[in-house]
Amino acid sequence: MTRSTGRPVRLVVVDDSSFIRLAVARMMVDVKTIEVVGAASSGEELLSRWDEWNPDVVTLDLSMPGMGGLMTLDQIVARGGPPVIILSTHSGLGAPQTIEALRRGAADFIDKQEYSLLDFSAVGKVLEERVLAVSRGDDREAMEEREVVRRSSAPAQDFEVLVIGASTGGPPAIEQVLVDLGKWCPVPVLVVQHMPEGFVTAFADRLNSRLPLGVFEAQEGARLAPRTVHIGPAGKHLQIVRRDGGLEASLTLRPRDALHRPSVDVLFQSACDVT
């Protein structure tokens with residue numbers, strides 16, 4: 001779905017909490033590039049007013065009565081869009097459901113527990129950035145990871161490790177890359193995917209249960225072996241180091257001034273340094 005330039009992004013909020021619906025509308029009231037054109041308390045209400053609201057971006061709660069968030073997402077994807085940002089929580093079943101939503105086509109997510117919803121300025125800034133990013137199609141950049149792997153025809157002995165980095169829209173792209181590698185992946189794989197605490201473990205567990213590879217949340221000193229995938233934990237940089245003739249994962253807080261932690265740049269630079 002494309003939108004005409006020069007007009008605000010049409011945002012629809014879907015959440016069974018009236019507080020959340022009103023809070024999001026209030027956060028966006030002074031944002032000239034985004035217009036909240038609708039607020040629905042259920043997936044059924046969203047779909048019934050779809051043509052009226054004609055959204056460019058939807059924020060979606062997963063825990064709702066009726067058809068629920070995942071089924072609502074399926075309906076949105078079946079209609080050809082638009083991008084969906086999940087408003088989620090990492091407590092209880094929240095993380096696995098969010099990972100499943102990303103697999104089904106959600107563009108991004110915001111962890112409700114990472115921010116105080118009473119701090120409208122902070123949450124509003126994050127929401128504004130995410131809405132504008134997915135409306136521009138920034139999530140498509142992550143899909144290029146798959147094409148990089150497809151274009152690589154180097155024999156296995158020519159490289160020792162595969163590194164992957166992604167942010168918005170990354171989880172389904174990463175899963176597809178790993179599926180394409182198959183069970184005979186000749187080298188270890190290290191992944192940096194920007195996620196808050198509570199989601200990396202769920203993401204790794206999901207991939208581990210669905211792929212013929214061993215997928216883990218990266219641990220300090222873990223030996224890097226073929227057919228293993230190590231995903232960088234939230235809040236720490238993932239690096240590769242060479243010890244005793246082999247490669248190991250290393251976790252560090254440095255550099256502290258990096259825009260993201262874990263940082264894709266830090267992982268990629270460490271790969272260059274040891275290979």
Side-chain angles (χ1 to χ4, degrees), residues 1-3 9-18 20-21 23-25 34 36-114 126-127 129-143 166-176 179 193-196 198-199 202-203 205-207 209-210:
M1 174 180 291
T2 59
R3 67 182 183 90
V9 176
R10 296 172 62 86
L11 175 65
V12 170
V13 181
V14 186
D15 201 299
D16 62 339
S17 166
S18 59
I20 297 295
R21 298 195 302 272
V24 171
I34 300 172
V36 178
V37 296
S41 62
S42 66
E44 290 88 343
E45 182 180 1
L46 168 69
L47 298 178
S48 70
R49 304 187 66 178
W50 187 265
D51 292 336
E52 172 191 351
W53 289 335
N54 188 26
D56 296 316
V57 178
V58 173
T59 64
L60 179 65
D61 184 26
L62 291 179
S63 180
M64 298 187 298
M67 67 190 307
L70 289 176
M71 189 175 295
T72 300
L73 174 62
D74 290 341
Q75 292 293 318
I76 295 172
V77 172
R79 291 170 183 246
V84 175
I85 299 175
I86 302 299
L87 292 181
S88 182
T89 174
H90 69 242
S91 63
L93 297 176
Q97 283 187 333
T98 300
I99 300 304
E100 176 64 17
L102 293 171
R103 187 193 71 82
R104 294 191 188 191
D108 203 350
F109 72 96
I110 296 174
D111 179 9
K112 291 178 181 177
Q113 293 189 348
E114 190 178 8
V126 171
L127 183 58
E129 290 174 351
R130 303 289 178 87
V131 168
L132 293 178
V134 300
S135 72
R136 292 191 302 261
D138 289 3
D139 53 305
R140 294 173 190 166
E141 295 177 4
M143 300 303 291
S167 185
T168 302
I174 289 171
E175 181 171 351
Q176 188 59 60
V179 167
Q193 165 63 56
H194 298 145
M195 288 183 167
F199 285 91
F203 183 44
D205 288 346
R206 172 190 166 75
L207 293 177
S209 69
R210 292 174 178 264

- Between V14 and R21, is any pair of side-chain heavy atoms under 4.5 Å apart? no
- Query: Can you name the residues that form a side-chain contact (heavy atoms from CB on, under 4.5 Å) with A202, not counting sequence neighbours?
  - Reply: A95, P96, I99
- Message: Once side-chain hydrogen bond (donor to acceptor under 3.5 Å, both in side chains) is applied, do any residues pair with D74, and if so which ones, sequence neighbours excluded?
- Response: R104
- Task: Decide yes or no for F109 and R130: does some side-chain heavy atom of the first lie under 4.5 Å from some side-chain heavy atom of the second?
- Result: no
- Query: Where do P65 and D16 come nearest, in terms of heavy atoms and distance?
  - Reply: CD-OD2, 3.5 Å
- Message: If I take atom CG from residue L207 and atom CD from residue Q193, how far apart are they, to the nearest 0.5 angstrom?
- Response: 10.0 Å
- V12 versus V37: any side-chain heavy-atom pair under 4.5 Å? yes
- Do V24 and L127 have side-chain heavy atoms sitting under 4.5 Å apart? yes
- Task: Tell me, please, which residues at least two apart from Q75 pass side-chain contact (heavy atoms from CB on, under 4.5 Å).
- Result: L47, M67
- Determine whether D61 and S17 make a side-chain contact, defined as any pair of heavy atoms from C-beta on separated by less than 4.5 Å. no
- Do the numbers put R10 on top of the ring of W53, so that NZ or CZ is under 6.0 Å from the six-membered ring centre and no more than 45° off the axis? no
- Note on the structure: Rounded to the nearest 0.5 angstrom, the CG-OG distance for D15 and S63 is 9.0 Å
- Check whether any side-chain heavy atom of L62 sits under 4.5 Å from a side-chain heavy atom of L70, and report yes or no. yes
- Query: Side-chain contact, heavy-atom cut-off 4.5 Å: F199 with D111?
  - Reply: yes
- Who pairs with E45 by side-chain hydrogen bond (donor to acceptor under 3.5 Å, both in side chains), at least two apart in sequence or on another chain? S41
- Query: CD1 of I85 to CG of L11: how many Å apart, nearest 0.5 Å?
  - Reply: 7.5 Å
- Query: If we only count heavy atoms from C-beta on, is the V57 to P82 side-chain gap below 4.5 Å?
  - Reply: no
- Interatomic distance, CG@L60 vs CD1@I76, rounded to 0.5 Å, equals 5.5 Å
- Task: Please list, chain by chain and in numerical order, all residues satisfying side-chain hydrogen bond (donor to acceptor under 3.5 Å, both in side chains) with R210, sequence neighbours excluded.
- Result: none
- Item | Partner set under side-chain contact (heavy atoms from CB on, under 4.5 Å) for V77, not counting sequence neighbours | L73
